[in-house]
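The chains referred to below are lettered A, B, ... by the order of the sequence lines, with proteins before strands, and numbering in each begins at 1. All values derive from a computational prediction rather than experimental measurement. Excluded from the calculations below are hydrogen atoms, water molecules and symmetry mates; all remaining heavy atoms, backbone and side chain alike, are included.
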Amino acid sequence: MQLNREQLLAAYRMMRTIRDFEDRVHTEFSAGGIPGFVHLYAGEEASAVGICMNLDERDKIASTHRGHGHCIAKGCDVDGMMGEIFGKSNGLCGGKGGSMHIADLSKGMMGANGIVGGGPPLICGAALTAKTLKTGGVAVAFMGDGASNQGTTMESFNLAKAWNLPVIFVVEDNGYAESTGSNWSVSGTQLGRAAGFGIPAVQVDGLDFFAIYDAAHEAVERARNGGGPSLIHGKLNRYYGHFEGDAMTYRGEGEVEMLRRDHDPLNFFRKRVTEAGLLEAAQLDEIDATVQAEIDASVVKAKGAAMPVASKLLTDVYVSY
Amino acid sequence: MSDAIKAIGMPKWGLAMTEGKVNAWLVEEGADIATGDEILEIETSKITNVFESPVSGPLRRKVAAEGETLPVGALLGVVADASVTEAEIDAFVETAKAAQAEAAAAAVPPPAPELVHAEGWTARVLTMAPEAAGALPLLLIHGFGGDYQNWQFNQPDLAIDRTVYALDLPGHGGSSKVLTGADVPGLAVAVRSALAALGVERFHVAGHSLGGAIGLQLALDEPKRVASVTLICSAGLGPEINTDYIEGFIKSDKRKDMKATVEKLFADPAFVSRDMVDDLLKYKRLDGVLPALRTIADAVFAGGHQTSVFTDRLATLDVPVQTIWGESDAIIPVAHANAVPEARRHVLAGAGHMVHIEKPSDVTRLIGEFVAFAGG
Amino acid sequence: MSKKSFRQAINEALAQEMRRDHRVIVMGEDVAGGLGTPGDQDAWGGPMGVTKGLVGEFGRERVLDTPITESGFIGAAVGAAATGLRPVADLMFVDFMGVCFDQIFNQAAKFRYMFGGKAVTPVVIRTMFGAGFRAASQHSQCLYPIFTHIPGLKVAIPSNAYEAKGLLIQAIRDDDPVIFFEHKMLYDDIDEVPDEPYTIPFGEANVTREGTDLTIVAFGRMVKFANEAADLLAKQKISVTVIDPRTTSPMDYDTILESVEETGRLVVVDEAHPRCSMATDVAAFVVQDAFKHLKAPIKMVTPPHVPVPFSPALEDEYIPNTARIMAAARSVLA
């Protein structure tokens, strides 16, 4: 798959935005500025961006508790996200949702989700809408290896196949369901499971933006052309804990350091495009600098924004009541 | 069985009435009663009303007990002169009860309204005595927010002599809720198209309230087609109208509010039954009703006044017109009746805007006499 | 206007709304039936035949049979609602909420609030409830108090065919998630039901009997029994108001409070289990807001706190009935 220069720059910029966003949330959380708990996506950027680069405004995604990366990749406003995570009135959801419930339906982002396995049935519904109203849209359910064990996921595989829905299931397998290894908790294989439902599936290196992009392209084309659901199994890595504050005592000695050094999707991308002469290092450096400034600005805005007023407690429960 | 014995049976008020409850006797056994005397208070699921005696003579026997619920036609009392013995009355009651049981077994369904597909709309019409082709038919037009059932106490008796059509106006009852015209001339156009679909050429018309104005409009537009016009608490005869009622009717969506609103229509608010209020709420919940009522009210009662007033045209109208008004009409001033000559003006005491419901036999008689007088 | 059964009223409401709005779809297990079989299509129309005939008019694209997979298809209905359809999902028996409740109370109910008022989720979940069908513990519960408990859901419980059609059309046109409870013992009850579409607003109680001595609040099928009790009591010169709240969320407490202020006596009839039920809810509100008007303790008529039994002898003993309501009425009037 050939991506032009602008697309490559956009992909890098998006991955860099996710990385800087998550690193900064990590810092701010440690400093005590962020309430509640957050789950960070750093290390998995190539997946969200590689998938979402294939989507347009017709398409919907359902995310997970580890949702910041999907939000950014689907076009959610970064300032609004940061405000939301700080619980401020400038948040995308007015501070009512927080990190685990960031959504922007106008962007086709149907929400991060606090319930592991909550998204796949919803995305079947989004795909049903696209099919019934003939919008040409597709729907993507992101899930972790943990969610892949939920009954809702299996039910959704079955339903998507039975109804021949334009769905792409993306299993982002970072090897850990909370603190439990997927080596132990996932019986069989993701590809074997998909095969059991007659769903075409492919495993890709989650480090490799290009591999993910190509796999998603094929799945999206299949879905748009009435070919039904697909599954993409990405093997990837998370740099931070299950949630912020997780001491990660379950991880191997030096594991995270090794991953950051040798298996970083941004470094991988940078190396590929510069070595192939597609982009100049200076262009990427410039993006790094700009994004850094944007994230800084979003934190300043979030910290400066007002808390929601008490009366907001009672609004937005119903359209009418 | 002696002809000297006369039965008083449970009346049938309207289509839906299958039984009535005897709330109270208003006369004592042995009293001499005359036709038209108020003798009983009878409650149906729709309405509580006073029953006027259909016969004259001494009331010899109260067959129905107070509180008893009986089918339509059931024997309520016996009128007989002194020559009739108690034993004869016993036998009469027994025979009547047996006949009643037989009739109940062979009951025929009441006439049902039909949907008539007219140009631009579908009208729900209840036709009575369609076989009476000789005499000119009579058209009954209800008022704002009403339907054909407003005539339930009048239509059956009026249909003894002629075909009587009671229709639901556009936006009302079971008629289509899309309006082709919402002002009085526009509604008259719709009624004319319904008449065309019914194959009616020349006719008498009796209209209540807004229906009266429409009847008048029909007569003014085509005087040769209209044999007579009876205007009951009618619109079209002056600018005043109680728009609080109109607005209240449109806005009331709870039983309590609707009951208070509808009570304005009657001299005696006890006429307003649970079922009457329920039926109105049910009608108002139908798709399209609220916008239709709003549109009609805005067109017909714009700015708190009637927009179609025909008083200055009555003098030149070559169609006989009479008015019937409830003395206590709280919706349209009884003074509007002055628009027609005194001889054809009837103001009934103890009745409000729904005079044809509160004083059904008087109103039915007045319509009947006037139609007969006008001829055809 | 014509006589229609509760079942026909619901079928007609669905058909009329599907004609009116192409976004309205029906989905659920066997809502048509026969898919993938060598036999009849539209074989069932749901186990009670409520949706029968819809697939013939609207096709398989709008009347979707599902696998037996409540989490999957209820979640899909929610997702479809959040993205532009107006699905009416059929959760065959409300007892099956156990295998799909997350999609209802954590997803559908919460979207609008969590997403800062930007989500609209116009999903209707139709579901059968109630005892009397000899269907035992897993197919006979009421459970509407559990849904009523969740902010973000609306809960409608029609008590007759007229109410069923008007409340269902309202539910379909409503922009919030609505759980629509159909008592399985009411499907064959017949009532006058207009042929035209109409809506009954949510949160507005229906006063089915008006009286001055006693207020009875009842839900669903219990409204029928409460009306019977009121009519029998009327013959004993006891004048009873019967209130059918129609929806438990929103809930019209005002009508109940106004009536209790007048009568001073309250009986609540609830077929749900007695703890944390609509009976306790109504009783608590009345005690809180109208205590000074009460002339006698409130009486709750409910089943005992046991699962619904199978044997007819036991089930009949379980379900509140007219006699029990009358006994409760007499005890608060004593």
Side-chain angles (χ1 to χ4, degrees), chain A residues 60 62 80 84 91-98 100-106 108 110-115 117-133 135 137 139 141 150-160 162-163 165 308 312 315-321, chain C residues 22-23 25 27 35-36 60-62 64-87 89 99-100 102-103 105-123 151-154 174-177 201-203 249-250:
Chain A
K60 315 291 181 195
E84 189 62 34
L92 262 185
C93 308
K96 285 182 170 172
M100 266 192 295
H101 307 299
I102 299 177
D104 189 344
L105 291 148
S106 69
M110 294 178 67
N113 208 311
I115 308 299
L122 300 173
I123 221 62
C124 287
L128 179 65
T129 299
K131 190 180 176 191
T132 306
L133 299 182
T135 66
Q150 283 279 30
T152 49
T153 301
M154 248 69 85
E155 290 194 20
S156 299
F157 288 173
N158 188 59
L159 195 62
W163 278 351
L165 295 174
K312 292 284 182 188
T315 59
D316 304 327
V317 183
Y318 295 93
V319 178
S320 62
Y321 198 62
Chain C
H22 72 284
R23 299 169 301 171
I25 61 166
M27 61 162 83
L35 197 57
R60 290 276 181 193
E61 285 189 351
R62 292 182 66 200
L64 292 107
D65 279 341
T66 68
I68 300 177
T69 169
E70 285 86 3
S71 257
F73 80 79
I74 293 292
V78 172
T83 51
L85 290 180
R86 304 188 82 89
V99 285
C100 63
D102 177 67
Q103 296 294 327
F105 90 104
N106 270 328
Q107 312 294 341
K110 304 282 197 288
F111 281 171
R112 189 164 181 81
Y113 197 77
M114 292 192 309
F115 302 163
K118 284 182 274 186
V120 177
T121 313
V123 65
L153 300 179
K154 291 177 177 173
D174 201 288
D175 281 332
D176 293 309
F202 284 177
S249 179

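Your options are A/N158, A/L92, A/T152, and the one with the most heavy-atom pairs under 4.5 Å with chain C is A/L92. Of the listed residues (A/K96, A/E84, A/M154), the greatest number of heavy-atom pairs within a distance under 4.5 Å of chain C belongs to A/K96. The greatest number of non-hydrogen atom pairs below 4.5 Å with chain A, out of C/T66, C/D176, C/L64, is found for C/D176. Each of A/G91, A/A130, A/S320, A/G94 has some count of heavy-atom pairs under 4.5 Å with chain C, and the biggest count is that of A/S320. In terms of heavy-atom pairs under 4.5 Å with chain A, the best-connected choice from C/G117, C/G84, C/P250 is C/P250. Of the listed residues (A/T132, A/L128, A/I115, A/L159), the greatest number of heavy-atom pairs within a distance under 4.5 Å of chain C belongs to A/I115. Highest contact tally toward chain A, considering only C/S249, C/P67, C/A119, is held by C/S249 [criterion: heavy-atom pairs under 4.5 Å].
Checked by atom type and distance alone, the side chain of A/Y318 pairs as donor or acceptor with a backbone atom of C/G152 at under 3.5 Å. A distance-only check finds a donor-acceptor pair linking the side chain of A/K131 to the backbone of A/W163 [under 3.5 Å]. C/K118 places no side-chain N or O within donor-acceptor distance of the main-chain N or O of A/S106, the cut-off being under 3.5 Å. Side chain of C/R86 to backbone of C/D174: a donor-acceptor contact under 3.5 angstrom is found.
At a 4.5 Å heavy-atom cutoff, A/T135 makes no contact with chain C through either its backbone or its side chain. Looking at C/F202, there are no atoms closer than 4.5 Å to chain A (heavy atoms on both sides), in backbone or side chain. For a residue to count as touching a neighbouring chain, one of its non-hydrogen atoms must lie under 4.5 Å from one of that chain's; by this rule C/K154 touches chain A with backbone and side chain alike. For C/T121, no part sits under 4.5 Å from any heavy atom of chain A, backbone or side chain. Interface residue C/D175: backbone and side-chain heavy atoms are both found under 4.5 Å from chain A.
For A/N113 against A/G118, the heavy-atom pair with the smallest separation is ND2-C, 3.9 Å.
Note that the CZ atom of C/F115 and the CG atom of A/D104 stand 10.5 Å from one another [nearest 0.5 Å].
Neither side chain, A/T129 nor A/K60, offers a donor N or O lying under 3.5 Å from an acceptor on the other.
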Run the side-chain donor-acceptor check on residues 68-78 of chain C: report pairs under 3.5 Å with partners two or more places apart or on a different chain.
| unit_1 | atom_1 | unit_2 | atom_2 | d |
| --- | --- | --- | --- | --- |
| C/T69 | OG1 | A/E155 | OE1 | 2.5 |
| C/S71 | OG | C/V99 | O | 2.8 |

